[in-house]
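Encoded as structure tokens, the structure appears first; notes follow it.
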Amino acid sequence: MTNSLEQPTTILKGVGEETAENLIAMGIYNIDDLLQYLPFRYDDVRLRDLADVSHDEKITVEGKVHSEPSVMYYGRKKNRITIHLLVDRYLIKVTFFNRAYLKGQLSPQDVITVTGKWDKHRQTITGQDIKIGPQSQSADYEPVYPVKSPITVKALRRYIIQAFNEYGDEVEETLPFHLLKQYKLPAKKEALRIMHFPHSPDDVKQARRRFVYEEFLYFQLKMQAFRKLEREQSKGVSQHYDLNKIKNFISSLPFQLTNAQKKVVNEICADLKSPIRMNRLLQGDVGSGKTAVAAISLFASVTAGYQGALMVPTEILAEQHFQSLKNLLSQTDVNIELLTSSVKGKRRKDILERLKKAEIHILIGTHALIQDDVDFQKLGLVITDEQHRFGVEQRRILREKGESPDVLFMTATPIPRTLAITVFGEMDVSIIDEMPSGRKTIETHWAKHNMLDRILDFVEKELSKGRQAYIICPLIEESDKLDFQNAIDAYDLLSNYFQGKFKIGLMHGRLPASEKEEIMREFSENHIQLLVSTTVVEVGVNVPNATVMIVYDAERFGLSQLHQLRGRVGRGSEQSYCILLADPKTDIGKERMRIMTETNDGFVLSERDLELRGPGDFFGKKQSGLPEFRVADMVHDYRALETARNDAIKLIEQKEFWNDIEYSHMRKYLHDSGALSGEKLD
């Protein structure tokens with residue numbers, strides 16, 4: 001970049017020290033930042049014929065003031081001015097609020113241009129902007145920029161015009177020519193000119209395409225460079241597993257692997273054998289068979305002479321995985337142990353000693369696995385389940401328990417592909433997108449709260465057949481602020497309703513871990529028939545006999561969470577049902593209920609959830625790790641994101657990328673961003 005564009009904004013006429021400080025608060029430090037500060041929308045200021053305008057549309061018209069404007073005062077310091085305006089053959093009213101001063105500036109026969117909202121029924125415009133005197137239409141579309149007070153859009157536009165006139169010629173190209181040509185993208189200088197001084201929406205669309213692609217490409221270059229560096233620097237171990245033992249183990253399983261499971265197992269085994277450390281994300285819908293894949297992967301590592309660890313977020317889930325893996329590996333000589341904070345004293349000491357001597361091959365547990373005194377002799381594979389529930393630091397500590405062990409992250413929360421390649425861009429992603437055969441589709445129904453009696457009759461019929469049911473509530477106890485059904489109220493109501501017929505349990509996050517364990521054990525052994533709970537059952541509880549899931553105030557939950565809850569039933573051979581009790585007030589709430597009844601595919605739901613909620617809300621803004629894009633939107637521009645990722649992967653692998661002058665901008669960016677120093681990036 002030339003020095004001119006790096007000059008501070010004070011070089012511009014009318015920009016003093018104070019204004020420069022205000023621009024810095026908006027992220028504009030120099031001329032280059034100013035030129036690249038792009039509009040977020042455009043106002044259509046073309047003059048319109050009222051005959052073609054729809055009700056409630058924002059429009060701009062030019063006309064003659066027909067009679068003396070009238071002002072009405074009301075409230076404290078509030079007023080409304082009404083102007084009768086002759087626009088072509090129409091006599092309409094224009095209303096402005098709190099602009100009484102206009103009365104002194106307007107006379108009959110004056111020509112004015114007004115922008116505002118058109119009320120077709122009343123033939124009035126609620127004015128937002130007014131220009132007095134005949135206007136020469138300089139542009140049909142006016143850019144609108146995000147600004148922070150005291151900077152106004154008008155002032156910012158003035159600075160941008162000046163900067164473009166004086167320094168626009170010095171804008172350098174930042175994309176290689178072959179990519180511009182391949183995707184028919186405008187050059188950077190031309191694209192900036194169009195964004196700031198548009199002639200048509202189509203022009204803006206083409207210019208925006210360029211900036212969307214560029215933002216994604218540069219972001220993905222950073223991710224892929226970091227990945228390449230990590231792969232090259234990671235002193236991973238080649239695990240030479242016993243293929244015959246693995247094949248025998250797979251054929252001994254009480255079920256056949258799906259094609260998706262086979263594909264994923266092959267990907268993981270290739271990683272184990274490779275000298276580069278595995279860094280893989282395994283996504284699979286609820287019930288798609290991730291546990292079987294985890295068992296095969298851990299077994300493979302054990303046959304290669306290594307130990308394996310599986311870390312999960314809750315004790316209930318740890319216990320369940322422990323039981324599942326014990327059953328699956330019962331025909332082998334693999335030793336499995338469970339370590340949670342409930343394991344204490346002599347038992348804990350014994351486990352730690354045996355682990356250190358490699359007498360324990362696979363250790364399953366909660367974050368208790370990362371405590372200082374937990375030592376593996378030869379840790380080869382680390383699996384974390386529901387990995388987004390662990391902090392980066394927790395995952396790092398577990399990884400450092402061995403000499404660069406292979407790492408597999410598993411999640412039953414289907415993450416939309418767009419987010420997976422953005423947030424987990426430096427990982428390889430495997431997907432189990434096929435369900436085991438013989439599973440019956442869960443029937444999902446949306447019901448209003450006034451249908452509760454009918455629903456409870458249905459629940460009673462299911463329980464009478466020996467089945468079990470969940471009732472999920474969003475809150476533990478009553479709250480003045482939120483009028484939602486809570487678990488304690490629901491428990492009391494159902495205890496009365498089913499008195500003497502069925503045993504009802506209550507579970508929520510405030511119970512001690514031991515009590516939760518006990519309730520879940522009673523439920524899984526059918527000593528409790530109906531479990532009232534908050535969302536603590538969302539992840540990993542496996543009760544094949546449960547056939548009914550009722551979610552109170554279902555509009556309070558996101559689609560992905562509702563899908564997780566629905567996945568608690570349908571795990572046995574009987575038909576299962578999910579009933580969403582909801583009276584949503586918003587269109588989004590209604591749309592959520594509709595989508596839930598239409599599809600059981602977690603990946604479809606996650607994409608729709610992303611569209612409805614946006615990326616920040618999908619993970620929770622605080623720990624999302626989502627990058628900020630100025631122009632690009634990873635939800636709507638996902639195709640460009642995929643293209644940019646593929647291009648970035650190719651570029652990073654090419655020798656020319658690291659040598660040719662055409663890529664110097666990109667290399668400088670990677671260097672400045674820390675991607676080439678091995679630091680983990682946001």
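Residue indices begin at 1 and follow the sequence shown.
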Heavy atoms of V293 and I268 approach each other most closely as CG1-CD1, 3.7 Å

Correct closest heavy-atom pair for P474 and Y552 would be CD-O, 3.7 Å

- List the steps, then state whether side chain to side chain contact (heavy atoms under 4.5 Å, CB included) holds for K222 with Y669. CA-CA 8 Å; K222 185 165 73 171; Y669 167 77; 3.9 Å; yes

On a heavy-atom basis, the closest approach of I432 and V264 is CG1-CG2, 3.9 Å

| said: Using the rule given for side-chain hydrogen bond (donor to acceptor under 3.5 Å, both in side chains), can you reason through E574 versus T547, listing the C-alpha separation, both sets of side-chain angles and the distance that settles it, and then say yes or no? | reply: CA-CA 7 Å; E574 303 299 331; T547 57; over 6 Å; no

- Message: Whether the side chain of D553 engages the backbone of R556 through a donor-acceptor N/O pair (distance < 3.5 Å, no angle test) should be reported.
- Response: no

inquiry  = Between Q575 (side chain only) and T441 (backbone N and O only), is there a donor and an acceptor less than 3.5 Å apart?
reply    = yes

Check: Does any non-hydrogen side-chain atom of L298 lie less than 4.5 Å from one of L325?
Finding: yes

Using side-chain hydrogen bond (donor to acceptor under 3.5 Å, both in side chains), reason through Q283 and T411 one step at a time and then give a plain yes or no.
CA-CA 5 Å; Q283 289 184 254; T411 179; over 6 Å; no

Do other residues, nucleotides or ligands put more than 12 heavy atoms under 6.0 Å from the CD atom of Q331?
no

Could you tell me whether a side-chain N or O of E215 sits under 3.5 Å from a main-chain N or O of A632, the two making a donor and an acceptor? yes

request  = Look at R208 together with D637 and state whether they make a salt bridge at an N to O cut-off of under 4.0 Å.
outcome  = yes

For L381 and M278 the tightest heavy-atom approach is CD1-CE, 3.6 Å

Look only at the side chain of R608 and the backbone of L559, and say whether a donor-acceptor pair between them is shorter than 3.5 Å. no

To the nearest 0.5 Å, atom CD1 of I383 lies from atom CG of D406 at 10.5 Å

Under 3.5 Å, is there a donor on one side chain and an acceptor on the other for H445 and E443? yes

- Classify the side-chain pair Y213/D647 by whether it contains a donor and acceptor separated by less than 3.5 Å. yes

If only atom types and distance count, is the side chain of W446 paired as donor or acceptor with the main-chain N or O of A582 below 3.5 Å? yes

Open item on the list: I'd like to check T366 versus M311 (side-chain heavy atoms, cut-off strictly below 4.5 Å). Are they in contact?
Closed with: no

Residue pair L257, I250: steps toward the side chain to side chain contact (heavy atoms under 4.5 Å, CB included) verdict: CA-CA 8 Å; L257 294 185; I250 291 172; 3.8 Å; yes

Do other residues, nucleotides or ligands put more than 12 heavy atoms under 6.0 Å from the CD atom of Q654? yes

CD (Q261) and CZ (F255) are apart, to the nearest 0.5 Å, by 6.5 Å

Q: Decide yes or no for S576 and K440: does some side-chain heavy atom of the first lie under 4.5 Å from some side-chain heavy atom of the second?
A: no

Query raised in the report: Between the main-chain N or O of I649 and the side-chain N or O of Q220, is there a donor-acceptor pair closer than 3.5 Å?
Result: no

Nearest heavy-atom contact between N526 and N545 is ND2-ND2, 3.5 Å

Separation between CD1 (I588) and NZ (K590), nearest 0.5 Å, reads 12.0 Å

**OP:** Compute the centroid of each ring, for F216 and then for F629, and state whether the two points are separated by less than 6.0 Å.
**Re:** yes

Minimal heavy-atom distance between A260 and E434, with the atoms involved, is N-OE1, 2.9 Å

Distance col, row T599:OG1 vs H563:NE2, nearest 0.5 angstrom, shows 8.0 Å

- Task: Could you go through the salt bridge (charged side-chain N to carboxylate O under 4.0 Å, His left out) check for D285 and K290 one step at a time?
- Result: CA-CA 9 Å; D285 214 336; K290 291 185 302 302; over 6 Å; no

_Test side chain to side chain contact (heavy atoms under 4.5 Å, CB included) on R209 and L185; report intermediate values, then the result._
CA-CA 7 Å; R209 260 182 70 233; L185 300 173; 3.6 Å; yes

Exercise for review: Mind running side chain to side chain contact (heavy atoms under 4.5 Å, CB included) on I550 and L581 for me, showing each step along the way?
Suggested key: CA-CA 7 Å; I550 293 171; L581 265 179; 4.1 Å; yes

Quiz prompt | R277 (side chain) donor-acceptor with V237 (main chain) under 3.5 angstrom | solution = no

(request) Before giving the answer on salt bridge (charged side-chain N to carboxylate O under 4.0 Å, His left out), spell out for R521 and E525 the whole-Å C-alpha distance, their side-chain angles and the decisive distance to 0.1 Å. (result) CA-CA 6 Å; R521 197 163 283 112; E525 291 168 5; 5.1 Å; no

Sub-4.5 Å side-chain heavy-atom contact between L329 and F299 | yes

Inset, instruction - Mark yes or no for whether D633, through its side chain, and H636, through its backbone, hold a donor-acceptor pair below 3.5 Å. - result: yes

Side-chain heavy atoms of V543 within contact of Q468, under 4.5 Å: yes

>> Please check if the number of heavy atoms outside K263 that lie under 6.0 Å from its NZ is greater than 12.
In response: no

Between L363 and the options N335, L310, V374, I336, the side chain to side chain contact (heavy atoms under 4.5 Å, CB included) test singles out V374

* Is there side-chain contact between I364 and L339, with at least one heavy-atom pair below 4.5 Å? -> no

Say whether, by atom type as modelled, one donor and one acceptor occur between the side chain of S251 and the main chain of K247 under 3.5 angstrom.
yes

Checklist line | Residues R594, E591; criterion salt bridge (charged side-chain N to carboxylate O under 4.0 Å, His left out); working and verdict | finding: CA-CA 5 Å; R594 196 180 60 69; E591 179 72 354; 2.8 Å; yes

Taking D242's backbone N and O only, do any of them form a donor-acceptor pair with T303's side chain (distance below 3.5 Å, no angle check)?
yes

Between the NE2 atom in H321 and the CD1 atom in I362, the distance rounded to the nearest 0.5 Å is 12.5 Å

Looking just at side-chain N and O atoms, do S430 and E267 make a donor-acceptor pair shorter than 3.5 Å? yes

- Taking the six-membered ring of Y241 (Phe, Tyr or Trp), confirm whether the NZ or CZ of K273 is under 6.0 Å from its centre and within 45° of its axis. yes

Is the closest side-chain heavy-atom distance between L562 and M549 below 4.5 Å? no

Q) Given side chains that start at C-beta, do those of D385 and F409 come closer than 4.5 Å, heavy atoms only? A) no

Value for NE2 (H361) from NZ (K378), rounded to nearest 0.5 Å, stands at 12.0 Å

